[in-house]
Chemist: 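Got a structure for you, written out below as structure tokens; questions coming shortly.
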Amino acid sequence: MESSYNFKTIEPKWQKHWEDNNFFRVNEDPGKPKYYDLEMFPYPSGNLHMGHVRNYAIGDVIARFKNMNGYNVLHPMGWDSFGLPAENAAIKHGHHPAQWTYANIENMKLQLKTLGISYDWDRELASCKPDYYKFTQWMFLKLYENGLAYKKSAAVNWCPSCQTVLANEQVVDGSCERCETTVTKKQLAQWFFKITDYAQRLLDDLVSLPGWPEKVKTMQKNWIGRSEGCQFDLTIVGSDEPLTVFTTRADTVFGVTYMVLAPEHPLVEKISRGTSYEAEVREFAQRMQFLSDLDRTSTDAEKEGVFTGAYAVNPMNGENIPIWIANYVLIDYGTGAIMAVPAHDERDFEFARKYNLPVKVVIQSDDSPTDGAQMKEAYTGDGSMVNSLEYSGLSVSEGQKQIVAFMESAGFGKGTINFRLRDWLISRQRYWGAPIPMVYCEDCGLIPVPEEQLPVLLPEDVEFKPSGESPLNYVESFYKTTCPNCGKPARRETDTMDTFVCSSWYFARFCDPHNSSLPFSKEAVDYWMPVDQYIGGVEHAILHLMYARFFTKFLNDINMLSCNEPFTNLLTQGMVLKDGSKMSKSKGNVVSPEEIINTYGADTARLFILFASPPERDLEWSDQGVEGSYRFLNRVWRLVTDCAEDIDGVQIPELFSELEPSARKLRFKTHATIKKVSDDVRDRFNFNTAISSIMELSNMMYAYRDQEEQDLPVLKEAINTLIILLSPFAPHLCEEMWHVCGHNDSICQQSWPQYDEAALVQDEMEIAIQVSGKVRERIIVPTGISKEALEAMALAQPKIQDLINGKKIIKIIVVPGKLVNIVAQ
RNA sequence: GCGGAUGUGGCGGAAUUGGCAGACGCACCAGACUUAGGAUCUGGCGCUUCACGGCGUGGAGGUUCGAGUCCUCUCAUCCGCACCA
């Protein structure tokens, strides 16, 4: 491989040069348009994987491109460094989470630097450092102050083997991700953020995000799950407590044949007490309580329930209806109770058939069944109301309106909107997270830690329990404190925050990362925010992206920043696959970035990953494809080094005079490539096609080099262009070539080239001639040729003559610049 | 079950507005250079046919002078959600 360029010396050389000269350090500059380019900050697991490389390579092309286009580009990097793996490592191997985490950061940072990404390392942050989590705690306090953080008892995921609660995302298929024990439910007092207060805004503002993938917006929309309906009260026979239900089908209220309460519903015990059903009801409710969410709510779990012995009265017609409890009604949606209309709801239908409950048809259309007893499935379509007293004959939507209006005027119901979105459970019984800044005082109750006392430091000298229980519960010096209010001894909250809290505001911190009195200054965030381009995996489509939007709206409400949405444009990159599936240790198909960089260099790794597939699509790793990218870079290297001497000192004129046809062709290609690469990178992020057009340019330059005589200014222009256009993708090699060609300044500081319209003017072009839609001939014509002349030329072609001879020409379509289609019969 | 995406040579992928399908790369084949090549360079490369030609973008229809692109139906794969009343 003697004709290969030496990436092993080139790459570190320029990385050092860029760093020494602070090329990527930025400050607010009102004189330039800003561009905030951000990749999702990684969890410091210890090693970079290909997914990271892809993520950062994409971000870096955008950063370098925008930079060369005159933008003031903020491109920072940091670490999402709190979280379970550090603690698991501590339990298993005895390393302290802090030590483990910082060592990982150190290692990953080194790996990242070998990729040559244009980060402003001055703004590096780590969410596990006190100077950062101080402000995560500050965020908590502000939310608390504004009534958006509260503590309540909730049934949470509990791993009986690890003796701890788990976040929803740590429950994989109903089991603990760590020990694979089936997760159960446990009632615990937990901290929540009231994200539901923002449900409507989170939904509404999705339409103001045209730069987001439709898929992500749809997922968020479904997750928020807004549904319009009404809530109304029913009386319970023999009780004075009302039973409140939520329904979206008020029009079917005359079809109610039974009621269902969630097993956890507070009325269950009261209404069944003293009846012959009491024991059975209690037994059922208890059994449901300990079932995991998965067992409780999956669609293939069979519906089951028991009768409570009590009856409710349908307020619309006075009918008595039996009250059941069943697994398919959830306590935390709506009111935890439903009116069941088996004729017009699939779930109710299934349940009614199982327990032989009556099915009463109240909606009918032309082809819908009329007899409840004969129905095979619920009819959920549109139609008009029947068996509904004076409402009979109304349409579904009109019926809903009138019935809700009646309920409101009669005072037992009202129109309501329900969201599927639940409040965000943020407390974790874990050590390696930001401590929740609250204190429990016997006299004063729950008291927030005053702002000036932040941060509440995580104690370092702790002992990790093999059970996984938080060591904070055993650190007296931590939990023993005094009440900030009255000064008496008090107990500190030992729960820490979900790591998603840390990542909900880091993008704002990057704007002002060294601020020690505030999370960030308003001036700094208002200059940089919102993030112009955010890049990351689609796995964060809901959680992180929704939480970050929530925080941004909250920070806007308390006047900390002026934008309403954090991320203007979102690019969700595809996965990196090997042999058709995601790289994983268990499958043994992992390709390590370190190895690739060692063998081929960072430029090759970057180029391959960008060339193999457009960014949003999954990418199939190919070792041979990597070879190909390496080969291409070497081809460019040889071309440039071979030409360097010839073009040394050659002047590129402002205006080119008449050129030889071959020189003219090359110049055309040079400028066509500028246009193509600029469009592909700026408008579409289609780096694969941008790179392929650069390859075409270099191929043509090779051909041009074979000629005996060359127009050196044209060649030099092509070489310069080639290097600059390639530089966002393969920055080290291009920097080297730039200097080999005699330049002393950095390639990063070059202006992006503009194409010359004049060079793109061609005097002739190829036109396809079709006969009845099939291409039969191609001709070269002058560019400005008239439609008529083009048509005549097409008809005059001997081959065309032969084909249309003896046929009737029905019509001729002439598309200037493209083709002529002669329709003949 | 619901929602979304994707389907193009041996492979990764191009075709941006309905206008020459297969750019670019990989693999493969042939040749050149060479002591040698798993380096480099040149050429070939959808299927089929000796050829003229015919066929071809998951499948079946349709609209159109013209469809990978638009419409209807259908199949397959992947992803997300999954009793939300």
Side-chain angles (χ1 to χ4, degrees), chain A residues 1-4 213-219 221-223 225-227 229 245-249 252 260 262 294 296-303 326-330 332-341 344-348 350-351 418-422 538-539 541-542 574-575 580 608 611-614 616-629 631-632 634-635 638 676 679-680 683-684 686 688-696 698-699 702-703 706 766-778 810-815 817-824:
Chain A
M1 287 202 188
E2 58 202 39
S3 54
S4 305
E214 226 33 65
K215 176 189 167 129
V216 173
K217 287 191 281 187
T218 307
M219 281 168 73
K221 203 175 152 189
N222 293 340
W223 186 265
R226 181 184 195 273
S227 66
V245 298
F246 171 74
T247 182
T248 55
R249 292 296 303 271
T252 63
V260 188
L294 190 82
R296 239 322 263 293
T297 63
S298 77
T299 15
D300 34 78
E302 196 178 338
K303 294 185 179 32
N327 58 349
Y328 77 97
V329 172
L330 309 171
D332 53 359
Y333 183 77
T335 61
I338 62 154
M339 60 174 217
V341 185
H344 307 293
D345 182 284
E346 285 163 24
R347 297 150 299 178
D348 297 343
E350 194 187 325
F351 190 80
N418 241 292
F419 292 95
R420 233 176 62 128
L421 183 70
R422 310 287 151 82
V538 75
E539 65 272 16
I542 294 175
M575 285 187 298
F608 167 72
F611 177 61
S613 173
E616 7 18 282
R617 232 193 283 184
D618 285 350
L619 180 154
E620 175 65 31
W621 185 268
S622 153
D623 292 331
Q624 285 165 332
V626 177
E627 288 273 359
S629 294
R631 211 147 46 208
F632 168 68
N634 277 306
R635 255 171 83 78
R638 284 192 303 270
K676 171 79 176 150
D679 291 350
D680 281 354
D683 305 332
R684 310 201 302 159
N686 277 11
N688 55 335
T689 50
I691 292 166
S692 76
S693 67
I694 296 172
M695 288 172 170
E696 286 181 49
S698 104
N699 289 345
Y702 261 91
D706 284 345
E766 196 184 69
I767 296 289
I769 305 171
Q770 298 181 331
V771 176
S772 301
K774 291 197 168 150
V775 178
R776 300 297 184 176
E777 185 64 297
R778 293 163 216 272
I810 294 165
K811 69 174 168 183
I812 300 176
I813 290 113
V814 180
V815 183
K818 300 261 185 197
L819 53 75
V820 178
N821 187 8
I822 300 158
V823 187

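Below, read A as the first sequence line, B as the second, and so on, with proteins coming before strands; counting in each chain starts at 1.
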Chemist: Just by distance, do the side chain of A:N327 and the backbone of A:E302 share a donor-acceptor pair under 3.5 Å?
Modeler: yes
Chemist: List in chain and number order the residues that pass salt bridge (Lys or Arg N to Asp or Glu O under 4.0 Å) with A:D332, two or more places apart in sequence or in another chain; answer none if no residue qualifies.
Modeler: A:R422
Chemist: Look at all strands and tell whether A:E766 reaches a base, only sugar-phosphate, or nothing, counting heavy atoms closer than 4.0 Å.
Modeler: base
Chemist: Side-chain N or O of A:S227 versus OP1/OP2 of B:A85: is the shortest distance under 4.0 Å?
Modeler: yes
Chemist: Students often get this wrong, so: under 4.0 angstrom with heavy atoms, is A:D618 touching a base, only sugar-phosphate, or nothing?
Modeler: sugar-phosphate
Chemist: Which residues pass the salt bridge (Lys or Arg N to Asp or Glu O under 4.0 Å) test with A:R617, not counting sequence neighbours?
Modeler: none
Chemist: So which protein nitrogen or oxygen atoms get under 3.5 Å of nucleotides 3-11 of chain B's nitrogens or oxygens?
Modeler:
none

Chemist: Can you sort out the partners of A:E696 under salt bridge (Lys or Arg N to Asp or Glu O under 4.0 Å), two or more places apart, ordered by chain and number?
Modeler: A:K669
Chemist: Determine the contact category for A:G628: base if any of its heavy atoms lies under 4.0 Å from a base atom, sugar-phosphate if only primed atoms, P, OP1 or OP2 are that close, otherwise nothing.
Modeler: sugar-phosphate
Chemist: A:K676: which residues meet the side chain to side chain donor-acceptor pair (under 3.5 Å) condition with it, sequence neighbours left out?
Modeler: A:D680
Chemist: Classify A:R422 by what it touches in the nucleic acid, base, sugar-phosphate, or nothing, heavy-atom distance under 4.0 Å.
Modeler: base
Chemist: With Watson-Crick and G-U wobble geometry limited to distances under 3.5 Å, how should the secondary structure of RNA chain B be encoded in dot-bracket form, using | for bases paired to another strand and [ ] for crossing pairs?
Modeler: (((((((..(((......[....))).(((((.......))))).(((....)))..(((((..]....))))))))))))....
Chemist: Partners of A:R420 by salt bridge (Lys or Arg N to Asp or Glu O under 4.0 Å), sequence neighbours excluded?
Modeler: none
Chemist: Would you tabulate the nitrogen or oxygen pairs shorter than 3.5 Å linking the protein to nucleotides 64-68 of chain B?
Modeler:
unit_1	atom_1	unit_2	atom_2	d
B:C65	O2'	A:N821	ND2	3.4
B:C65	O2	A:N821	ND2	2.6

Chemist: Identify, with sequence neighbours excluded, every residue that meets side chain to side chain donor-acceptor pair (under 3.5 Å) alongside A:N418.
Modeler: none
Chemist: State which residues pass ring pair (Phe, Tyr, Trp, His ring centres under 6.0 Å) with A:W223; sequence neighbours excluded, sorted by chain then number.
Modeler: none
Chemist: Counting the atoms with a prime plus P, OP1 and OP2 as sugar-phosphate, which does A:F632 contact under 4.0 Å by heavy atoms, base, sugar-phosphate, or nothing?
Modeler: nothing
Chemist: Between the protein and nucleotides 41-43 of chain B, which nitrogen or oxygen pairs are less than 3.5 angstrom apart?
Modeler:
unit_1	atom_1	unit_2	atom_2	d
B:C41	OP1	A:R635	NH1	2.7
B:C41	OP1	A:R638	NH2	3.4

Chemist: Please classify the nucleic acid contact of A:V815 as base, sugar-phosphate, or nothing, using heavy-atom distances under 4.0 Å.
Modeler: base
Chemist: Could you work out, with ring pair (Phe, Tyr, Trp, His ring centres under 6.0 Å) as the rule, every residue matching A:F608, not counting sequence neighbours?
Modeler: A:W621
Chemist: Taking any heavy-atom pair under 4.0 Å as a contact, classify A:K221: base, sugar-phosphate, or nothing.
Modeler: nothing
Chemist: Is A:S622 touching bases, backbone alone, or none of the nucleic acid, heavy atoms closer than 4.0 Å?
Modeler: nothing
